[in-house]
Amino acid sequence: MSHTLKLYNTLTREKAVFQPLDPNNVRMYVCGPTVYDYAHIGNARPVIVFDVLFRLLRHVYGDAHVTYARNITDVDDKINARALRDFGSKIADGSMSLNEAIRAVTGKTESQFQADVKALGCLEPTHQPRATDNIPQMIEIIQRLLTQGHAYVASGPEGHEVLFATASMADYGQLSKRRLEDQQAGARVAVEAHKMNPGDFVLWKQSADTEPGWAASFVFEGKSFAIYGRPGWHIECSAMSNRYLWEEIKDRLSPQGKARPHQFDIHGGGLDLIFPHHENEIAQSCCAYDTDVMATVWMHNGFVQVEGRKMSKSEGNFVTINELLETEKFGGRKWPGEVLRLAMLMTHYREPIDFSVKRLEEAERLLAKWPVAEASGAEPDESVLEALSDDLNTVAAIQALHALAQASHSDPDAKARFAASADLLGLLPKPVEVDEAIAAGIDALVEMRLELLKAKNFAEADRIRNELAEKGIQLKDGKDPVTGQRVTTWELKR
RNA sequence: GGCCUCGUGGCGGAGUGGUGACGCAGAGGACUGCAAAUCCUUGCACCCGAGUUCGAUUCUCGGCGAGGCCUCCA
């Protein structure tokens with residue numbers, strides 16, 4: 001590989017050279033959506049950012065040597081609430097079971113998510129595991145934690161719970177740099193009597209009849225506990241990252257990779273997940289498997305604001321990906337996926353980003369200046385690779401890309417490198433599909449106009465140009481560099 | 001209260017201890033019958049104060065401002 005990839009690591013708060021545990025099996029896990037409602041523009045950021053990283057890793061290490069897992073959280077109390085809200089009457093009259101209602105919510109939301117993300121130009125991760133398909137794996141980790149004295153069974157207000165014992169982990173808080181004592185000083189953690197420590201969190205929780213649940217039995221202090229219940233918020237990521245990035249891949253790993261069991265390279269997500277979500281994942285995984293680290297590098301993207309304010313439902317500025325793509329809610333018009341993607345990458349991933357109409361307009365203007373080209377086997381340009389290799393500096397990469405786009409007006413070689421580079425970023429402008437017959441018709445009109453111009457019949461020539469413009473077809477006159485003849489091309493206005 | 005970001009020109013936005021990226025928009029020009037596209041040129045900046053330094057936008061401290069986490073949240 002020609003470039004040294006540097007990544008900022010939240011764990012060390014430093015930028016460092018990325019060294020995969022096994023360069024033939026680079027492994028990345030990113031926290032995906034909870035499928036209870038449309039994904040919003042904030043959800044889109046990590047998806048796009050880590051898609052760029054996925055593409056870069058594939059370029060550097062080879063497509064077959066990168067495994068990317070992004071989970072689908074389909075068990076969550078918000079999902080239950082949504083199922084009851086949308087299908088409560090059907091559940092009440094017996095025409096639908098709770099589980100069916102839940103599946104209706106998660107299935108629909110998940111396919112919407114997949115469609116949205118595809119429109120944003122994101123590749124499919126290698127694995128997109130669902131939490132509900134990994135319940136046995138979660139139960140297994142929880143039992144490990146119980147056996148090793150890192151968890152306990154307690155009786156809470158809603159029945160039995162298995163809780164993680166934060167005090168049992170010497171360096172709990174390493175990612176967020178929080179100390180348990182400080183948390184207690186804040187007194188904002190609800191004191192719950194059944195917890196040994198206020199920071200202890202749920203691994204497994206007993207379910208009522210109106211809640212989804214799975215049969216599980218745990219052994220704690222020599223006694224057996226059968227708890228029909230559901231997993232806590234964090235455990236799925238520990239279970240699924242271990243399954244897809246260690247268990248199912250370990251036989252293929254190099255000796256160096258095998259020497260670091262249960263570990264993987266990169267774990268990503270939004271800034272707000274650092275605490276408690278990622279901190280608790282680390283606690284679960286490291287304690288269950290007796291490792292120092294869960295993932296080598298932890299990466300977190302910054303927040304998205306909308307028109308300068310925090311996005312929230314109460315502010316009324318909550319925008320979903322789908323609304324941007326399909327409705328006129330934001331700025332009075334629809335926005336193509338490429339524009340949203342470029343707008344997102346115009347800011348470095350760790351910086352806060354202010355999503356605004358103005359920003360989208362600028363992204364669209366930029367995109368309109370880029371040539372339509374095929375990625376035809378050329379290598380991405382050094383300037384773009386170099387920028388991305390510096391902690392995913394997409395801003396510099398886009399500017400390098402823009403320079404290539406400008407160079408491509410006169411340099412076919414630059415155009416090929418532009419195409420390969422744009423493809424690497426997932427930003428290759430797609431040729432607009434035009435019906436052949438229509439295209440031939442336009443070509444004929446263009447010819448006719450050129451004849452009229454030769455005859456200096458400008459009024460008639462301009463009439464053709466205006467008519468085409470009204471249909472969204474923009475004519476562009478140029479000069480053949482050799483003959484000096486007028487050459488006219490056309491394109492659909494984007 | 002604890003922890004953590006950030007503050008650059010009209011806008012977006014990197015970066016750097018020493019004549020001030022870059023893009024968009026603006027202005028001027030070339031080309032054109034006129035436009036568009038393309039090309040060339042160009043103005044405008046580093047929150048405030050103190051300190052370190054020969055020199056700070058860049059380092060340190062303080063202040064002000066914006067935001068995040070600690071509670072479901074990307």
Side-chain angles (χ1 to χ4, degrees), chain A residues 10 13 30-34 36-37 39-50 73 76-78 81 173 175-190 198-199 233 268-279 300-305 308-313 318 343 345-354 356 358-366 368-369 387 390-391 393-403 405-406 408-410 453 456-459 461-462 465-466 468-469 473-479 481 484 486-491 493:
Chain A
T10 308
R13 314 272 156 147
V30 173
C31 290
T34 300
Y36 72 103
D37 204 349
H40 55 71
I41 192 63
N43 299 112
R45 192 169 192 193
V47 173
I48 293 171
V49 163
F50 290 105
T73 299
D76 183 282
D77 285 355
K78 286 195 290 290
L175 180 68
S176 59
K177 309 269 186 271
R178 284 165 208 262
R179 299 182 309 153
L180 287 169
E181 306 87 85
D182 295 339
Q183 299 305 300
Q184 288 164 41
R188 293 195 64 174
V189 180
W233 179 33
L271 206 61
D272 56 322
L273 292 182
I274 294 174
F275 191 90
H277 186 54
H278 287 166
E279 196 69 79
H300 295 94
N301 62 270
F303 247 66
V304 175
Q305 287 184 286
R309 292 180 307 167
K310 176 176 174 160
M311 177 170 67
S312 70
K313 287 184 175 164
F318 199 87
L345 295 176
M346 282 187 338
T347 294
H348 185 93
Y349 76 92
R350 284 193 278 123
E351 295 291 317
I353 189 170
D354 183 13
S356 61
K358 192 164 183 173
R359 170 184 208 92
L360 292 178
E361 285 169 348
E362 187 173 331
E364 185 166 62
R365 255 196 304 269
L366 206 57
K369 293 185 179 186
D390 180 17
D391 192 31
N393 191 338
T394 52
V395 180
I398 285 165
Q399 298 196 341
L401 198 59
H402 188 61
Q406 283 181 314
S408 356
H409 290 304
S410 55
L453 285 174
K456 301 225 186 288
N457 186 347
F458 297 123
D462 287 355
R465 183 172 69 192
N466 292 340
L468 287 172
I473 293 149
Q474 179 69 56
L475 295 189
K476 295 197 281 194
D477 288 342
K479 242 188 203 175
R486 184 195 291 255
V487 178
T488 300
T489 56
W490 58 271
E491 68 176 19
K493 283 190 230 169

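Here the structure is a predicted model, which means the values were calculated and not measured. By convention in this document, chain letters (A, B, ...) are assigned in the order of the sequence lines, proteins followed by strands, and residues within each chain are numbered from 1.
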- Task: Look through every strand shown and name the nucleotide pairing with rC6(B) as Watson-Crick or G-U wobble, where both distances are under 3.5 Å.
- Result: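 Partner of rC6(B): rG65(B).
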task: Could you please name the partner base of rA21(B), counting Watson-Crick and G-U wobble pairs only when both distances are under 3.5 Å?
output: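 Looking at the geometry, rA21(B) pairs with no nucleotide.
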Check this for me: does the side-chain of R465(A) come within 3.5 Å of the base of rC34(B) through a donor and an acceptor?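 Between rC34(B) and R465(A), which were checked side chain against base, a qualifying N/O pair under 3.5 Å is present.
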Is the base of rG33(B) touched by the side chain of D462(A) through a donor-acceptor pair closer than 3.5 angstrom?
->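 In this structure, the two groups form a donor-acceptor pair.
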With sugar-phosphate meaning primed atoms plus P, OP1 and OP2, does [X] contact a base, only sugar-phosphate, or nothing at under 4.0 Å between heavy atoms?
| X | answer |
| --- | --- |
| I274(A) | nothing |
| E351(A) | sugar-phosphate |
| D477(A) | base |
| G42(A) | base |
| I398(A) | nothing |
| R365(A) | sugar-phosphate |
| T489(A) | nothing |
| R486(A) | base |

What is the distance, to the nearest angstrom, from the CD1 atom on I353(A) to the P atom on rG67(B)?
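Interatomic distance, CD1 of I353(A) to P of rG67(B): 17 Å.
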Is the distance from OP1 or OP2 of [N] to the nearest side-chain N or O of [X] less than 4.0 Å?
| X | N | answer |
| --- | --- | --- |
| T347(A) | rG13(B) | yes |
| H348(A) | rG15(B) | no |
| K369(A) | rU38(B) | no |

### Query
Can you tell me how far C1' in rC46(B) sits from the matching atom in rC59(B), rounded to whole Å?
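Each nucleotide's C1' atom is 16 Å from the other's.
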**Study point:** Parallel, tilted or perpendicular: ring planes of H40(A) versus F318(A), cut at 30 and 60 degrees
**Key:**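 H40(A) and F318(A): perpendicular rings.
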Indicate yes or no: at least one non-hydrogen side-chain atom of [X] is less than 4.5 angstrom from one of [Y].
| X | Y | value |
| --- | --- | --- |
| F303(A) | D272(A) | yes |
| T73(A) | Y36(A) | no |
| R359(A) | T347(A) | yes |

Want to settle it: does K476(A) or K358(A) sit nearer the 5' end of RNA chain B, counting the closest nucleotide to each?
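Looking at the nearest nucleotide for each, K358(A) comes out on the 5' side.
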- Please identify each residue that fulfils ring pair (Phe, Tyr, Trp, His ring centres under 6.0 Å) with H277(A), with sequence neighbours left out.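 So H277(A) forms a ring pair (Phe, Tyr, Trp, His ring centres under 6.0 Å) with W233(A), H234(A).
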